[in-house]
Peer 1: 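First the structure, which I've put down as structure tokens, then a few questions once you've had a look.
Values in this document were obtained by computation on a predicted structure and should not be read as measured data. We number each residue from 1, following the sequence as shown.
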Amino acid sequence: MRTKMLFVAMMAIMALTACTTDEPDMEPPIIQEDPSIPVLPVGGFQMWPTPTIDDSDLQGEGYTYDYWREHKHEAQTGDELIAMCNVPTDLLKNMSTPNLAWTCFNHPYNIDWAAFNNYYEGILSVMTRFNGYGELMKRKSGAEAVIDLFVQLGYNEEGKISVNEPSMIAWTLVLCTACDYRAFNQEQVSRLAKEVLYKDFIANVTSSANLYLSHKSYCLLGAFMAYHYDETLPEEQRILLASFIRNLSMTYYTSEVDLGRSYTIIKESLNRLAGE
């Protein structure tokens, strides 16, 4: 079986390299028997470290990005624009964690996830370049605040999301990183599973220009949760979800995945994690 898989992989690579287009060649999909999803290296930045900052007494206000708004026309590069968004240290260290989460949610360049071929890599790039996320991930209530805000981002009476959907998708991807780095405890996982099931149900029964991407982001988050937290998953299903995550993170799928079966596994797993 392994020899056959290697032969198929080699044939696929040869077929890819034989094609010539005006676009840069895309790397072939990585075929691996290990079902684990590698936690992507991010230039020495430690994603979701063990929290050490006691934030129980912090009550400071959030950040409004006024400096960025007033000076963004002066920036010469994209890096300078992003740097202008960093929160002043004194304000950052005293900001309440709920206000810090809201500040991160409103980061002007969260939308940069959409500029990457891999959406997950895109949100990692955003998070590692903004000091607000770095602070949030070190707070003892940081993971809880991320879920709290996700729950608060609800729907209006018409069933449409009450914030712009690209921002909601970005926050959903932030939650994916917390799952990938196992930042949540079991109680938080249960609460989040219930909310993902609810939000995805609403997304599927309402109309929206970004309906597909909203549903896609919820499914991706569900897959991360099932993969990392559902200890009852058979190994074969874990392998399928690993492939599902790698593919659903991409703008375009790099290989075929059994989407219908993956969705079923994710929904069943979320129900288990939610305790339902």
Peer 1: Who pairs with Y119 by side chain to side chain donor-acceptor pair (under 3.5 Å), at least two apart in sequence or on another chain?
Peer 2: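 Side chain to side chain donor-acceptor pair (under 3.5 Å) list for Y119, sorted by chain: empty.
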Peer 1: Taking only residues two or more places apart in sequence or in another chain, which ones pass side chain to side chain donor-acceptor pair (under 3.5 Å) with D54?
Peer 2: S56
Peer 1: Parallel, tilted or perpendicular: which fits the ring planes of F130 and Y133, with parallel below 30° and perpendicular above 60°?
Peer 2: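 Plane angle over 60°, so perpendicular.
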Peer 1: Go through the steps for L240 and V257 under the test side chain to side chain contact (heavy atoms under 4.5 Å, CB included), then give the verdict.
Peer 2: CA-CA 8 Å; L240 178 61; V257 177; 4.2 Å; yes
Peer 1: In residues 264-271, what donor-acceptor pairs under 3.5 Å come from side-chain atoms, sequence neighbours left out?
Peer 2:
| unit_1 | atom_1 | unit_2 | atom_2 | d |
| --- | --- | --- | --- | --- |
| T264 | OG1 | G260 | O | 3.1 |
| S269 | OG | D230 | OD2 | 2.7 |
| N271 | ND2 | K267 | O | 3.1 |

Peer 1: List the residues meeting ring pair (Phe, Tyr, Trp, His ring centres under 6.0 Å) with W68, not counting sequence neighbours, and say none if there are none.
Peer 2: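 Here the qualifying residues are Y109.
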Peer 1: Backbone N or O of F244 within a donor-acceptor pair of the S262 side chain at under 3.5 Å?
Peer 2: no
Peer 1: Under the salt bridge (Lys or Arg N to Asp or Glu O under 4.0 Å) test, which residues partner E135, sequence neighbours left out?
Peer 2: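 Residues passing salt bridge (Lys or Arg N to Asp or Glu O under 4.0 Å) with E135: K93, R139.
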Peer 1: Minimum heavy-atom separation for N110 to N106, with atom names?
Peer 2: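 Looking at all heavy atoms of both residues, the closest pair is ND2-N, 4.3 Å.
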Peer 1: Just to verify, what does E80 make a side chain to side chain contact (heavy atoms under 4.5 Å, CB included) with, not counting sequence neighbours?
Peer 2: A75, Q76, T77
Peer 1: Do the side chains of T89 and L92 get nearer than 4.5 Å, heavy atoms only?
Peer 2: no
Peer 1: Which residues satisfy the salt bridge (Lys or Arg N to Asp or Glu O under 4.0 Å) test with D79, sequence neighbours excluded?
Peer 2: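 Salt bridge (Lys or Arg N to Asp or Glu O under 4.0 Å) check on D79 returns R129.
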Peer 1: What's the spacing between L248 CG and K216 NZ if we round to 0.5 Å?
Peer 2: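 With rounding to 0.5 Å, CG (L248) is 5.0 Å from NZ (K216).
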Peer 1: Less than 4.0 angstrom from a charged side-chain N to a carboxylate O is my criterion; do K199 and E195 meet it?
Peer 2: yes
Peer 1: Less than 4.5 Å apart, side chain to side chain, heavy atoms only: is that true for S96 and D55?
Peer 2: no
Peer 1: Say whether, by atom type as modelled, one donor and one acceptor occur between the side chain of T103 and the main chain of N99 under 3.5 angstrom.
Peer 2: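 Yes, T103 side chain to N99 backbone: donor-acceptor pair under 3.5 Å.
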Peer 1: Could you check whether any side-chain N or O of D180 sits under 3.5 Å from a backbone N or O of C176, counting only pairs where one atom can act as donor and the other as acceptor?
Peer 2: no
Peer 1: Mind checking what makes side chain to side chain donor-acceptor pair (under 3.5 Å) contact with Q186, not counting sequence neighbours?
Peer 2: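 Partners of Q186 by the side chain to side chain donor-acceptor pair (under 3.5 Å) criterion come out as none, since no residue qualifies.
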Peer 1: With the side chain counted from C-beta on, respond yes when Y120 and W113 share a heavy-atom pair under 4.5 Å apart, and no when they do not.
Peer 2: no
Peer 1: For the pair Q188 (side chain) and N185 (backbone), establish whether a donor and an acceptor sit closer than 3.5 Å, ignoring hydrogens and angles.
Peer 2: yes
Peer 1: Is the shortest side-chain heavy-atom distance between Q237 and Y227 below 4.5 Å?
Peer 2: no
Peer 1: Taking only residues two or more places apart in sequence or in another chain, which ones pass side chain to side chain donor-acceptor pair (under 3.5 Å) with E236?
Peer 2: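 Counting only residues at least two positions away or on another chain, E236 forms a side chain to side chain donor-acceptor pair (under 3.5 Å) with R261.
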Peer 1: Is there a side-chain contact between L58 and M95 (heavy atoms, below 4.5 Å)?
Peer 2: no
Peer 1: Side chain of T177, backbone of V174: donor and acceptor closer than 3.5 Å?
Peer 2: yes
Peer 1: Go through it in stages, so that I can follow the logic: the residues are Y65 and Y63, the test is ring-ring contact (aromatic ring centres under 6.0 Å, His included), and I'd like the CA-CA distance, side-chain angles, deciding distance and then a yes or no.
Peer 2: CA-CA 6 Å; Y65 299 101; Y63 189 53; 5.1 Å; yes
Peer 1: For P51, what residues pass the side chain to side chain contact (heavy atoms under 4.5 Å, CB included) criterion, not counting sequence neighbours?
Peer 2: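 Testing P51 for side chain to side chain contact (heavy atoms under 4.5 Å, CB included), a comparison that skips the adjacent residues, returns K140.
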Peer 1: Is the side chain of N94 donor-acceptor paired with the backbone N or O of G60 at a distance under 3.5 Å, no angle test?
Peer 2: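 Answer holds: no.
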Peer 1: Evaluate the side-chain proximity of L233 to R272: yes if any heavy-atom separation is below 4.5 Å, no if none is.
Peer 2: yes
Peer 1: Looking only at non-hydrogen atoms, find the nearest pair between Y218 and V196 and report the distance.
Peer 2: O-CG1, 3.8 Å
Peer 1: Does K138 reach the main-chain N or O of W48 with its side chain, forming a donor-acceptor pair under 3.5 Å?
Peer 2: no
Peer 1: Does the pair F184 and Y229 meet the rule for a side chain to side chain contact (heavy atoms under 4.5 Å, CB included), with working shown?
Peer 2: CA-CA 9 Å; F184 297 133; Y229 291 104; 3.6 Å; yes
Peer 1: With a 4.5 Å limit on heavy-atom distance, are the side chains of F45 and M137 in contact?
Peer 2: yes
Peer 1: Without swapping roles, check the side chain of N131 against the backbone of G134 for a donor-acceptor pair under 3.5 Å.
Peer 2: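 No; zero donor-acceptor contacts below 3.5 Å.
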Peer 1: Tell me, please, which residues at least two apart from E74 pass salt bridge (Lys or Arg N to Asp or Glu O under 4.0 Å).
Peer 2: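 For E74, no residue satisfies salt bridge (Lys or Arg N to Asp or Glu O under 4.0 Å) once neighbours in sequence are set aside.
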Peer 1: Under 4.5 Å between any side-chain heavy atoms of D112 and I123, yes or no?
Peer 2: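 The answer is no, as the side chains (C-beta and beyond) never meet within the 4.5 Å cut-off.
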Peer 1: Sequence neighbours excluded, which residues qualify as salt bridge (Lys or Arg N to Asp or Glu O under 4.0 Å) partners of D66?
Peer 2: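 So D66 forms a salt bridge (Lys or Arg N to Asp or Glu O under 4.0 Å) with R69.
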Peer 1: Indicate yes or no for a side-chain donor-acceptor contact from W171 to the backbone of V146 under 3.5 Å, with no hydrogens or angles considered.
Peer 2: yes
